[in-house]
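Here's the structure we're looking at; comments come further down.
All figures in this text were calculated on a predicted structure; none of them were measured in a lab. Ligands are counted one by one from 1 in listed order, and the atoms in each one are counted from 1 as well.
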Amino acid sequence: MYNCALIKFKDITDKYGHLTPIESKLDTPFEIKRIYYITKVEQGTTRGFHSHRKLHQVLICLNGSVKIRVKNPKEEEVFELNDPSVGLYVGTLIWREMFDFTEGSVLLVLASEYYDEDDYIRNYDFYLDEAKKRF
Ligand code: T46
């Protein structure tokens, strides 16, 4: 889907377990300025319901699984994240909803910008108006 893609990171496996290194700009399509993680989401909860004008992100489910619905005015796709060596790149002007968090799931997000509430489009009609000019 336009502006969204799965990224496979290294998975270094030995008898002691798995290790995934992620280096800013080498393994991500942007410089990482911020990380945050989402944990302890009650089952049945859906988060997100917004888009970003400038922010690029990579979402990685470190434990358990979570589904991500991504949309633009012409396309819609659902990705299930359940492998800590796989990230979902989500570019600008993509609507996202995160749902079906399993118990104990941990969603790590690598972000290209510092937190800025003004970068969010949280109203779906406003999002469509803006995104239709691009898509
Ligand atoms: C996104 C998805 C995947 C901060 O103060 N700093 C931060 O860096 C972030 C990300 C959030 N917040 C505050 C803003 C809200 O008061 O934390 C509260 C919850 O944020 P929000 O409702 O936006 O959370 P989600 O899970 O709907 O969305 C988050 C990110 O905000 C968003 O950029 O793409 O995760």
Side-chain angles (χ1 to χ4, degrees):
M1 181 174 148
Y2 180 78
N3 245 355
C4 283
L6 291 172
I7 300 177
K8 177 74 180 122
F9 299 113
K10 274 181 222 145
D11 180 355
I12 302 169
T13 309
D14 58 25
K15 63 182 179 182
Y16 303 106
H18 292 253
L19 186 153
T20 293
I22 300 178
E23 296 184 300
S24 179
K25 285 171 82 178
L26 297 180
D27 299 301
T28 56
F30 52 80
E31 184 177 350
I32 300 167
K33 285 199 180 149
R34 174 170 55 111
I35 66 170
Y36 59 92
Y37 34 87
I38 296 172
T39 58
K40 298 180 186 166
V41 178
E42 275 188 30
Q43 286 181 4
T45 301
T46 302
R47 304 181 60 116
F49 298 104
H50 61 257
S51 170
H52 288 280
R53 297 188 173 90
K54 208 173 148 207
L55 185 71
H56 299 246
Q57 302 190 106
V58 175
L59 283 60
I60 304 166
C61 188
L62 295 184
N63 189 53
S65 70
V66 58
K67 292 184 184 143
I68 317 290
R69 178 177 295 110
V70 282
K71 295 186 197 180
N72 66 42
K74 294 193 176 141
E75 300 167 283
E76 174 170 339
E77 199 166 340
V78 173
F79 292 90
E80 179 166 3
L81 299 180
N82 54 16
D83 178 344
S85 69
V86 173
L88 176 64
Y89 167 75
V90 181
T92 55
L93 284 186
I94 299 291
W95 188 262
R96 83 283 322 264
E97 295 163 15
M98 299 91 77
F99 63 104
D100 277 1
F101 287 81
T102 57
E103 202 180 342
S105 58
V106 177
L107 181 63
L108 172 74
V109 183
L110 314 176
S112 68
E113 308 295 333
Y114 299 123
Y115 175 69
D116 175 10
E117 186 58 38
D118 290 342
D119 187 61
Y120 284 72
I121 310 172
R122 293 190 183 272
N123 176 295
Y124 192 64
D125 292 331
F126 293 167
Y127 162 72
L128 282 179
D129 283 349
E130 225 169 297
K132 276 179 184 163
K133 293 175 198 153
R134 160 100 74 91
F135 292 91

Would R47 count as a cation-pi partner of F99, with NZ or CZ less than 6.0 Å from the six-membered ring centre and within 45° of the ring normal?
-> no

Among R53, R134, Q57, find the one that has a side chain to side chain donor-acceptor pair (under 3.5 Å) with T92.
-> R134

For the ring pair F49 and Y124, is the centre-to-centre distance below 6.0 Å?
-> no

Worked check of salt bridge (Lys or Arg N to Asp or Glu O under 4.0 Å) between E103 and K40 = CA-CA 7 Å; E103 202 180 342; K40 298 180 186 166; over 6 Å; no

Collect the protein residues that have a non-hydrogen atom under 4.0 Å from ligand 1 and hand them over in chain and number order.
-> R34, Y36, I38, R47, G48, H50, H52, Q57, R96, M98, Y115, Y120, R122

Pairing residues for R96 by the side chain to side chain donor-acceptor pair (under 3.5 Å) criterion, not counting sequence neighbours = none

Cation-pi check, K33 to Y114: give yes when NZ or CZ is under 6.0 Å from the six-membered ring centre and within 45° of the ring axis, no otherwise.
-> yes

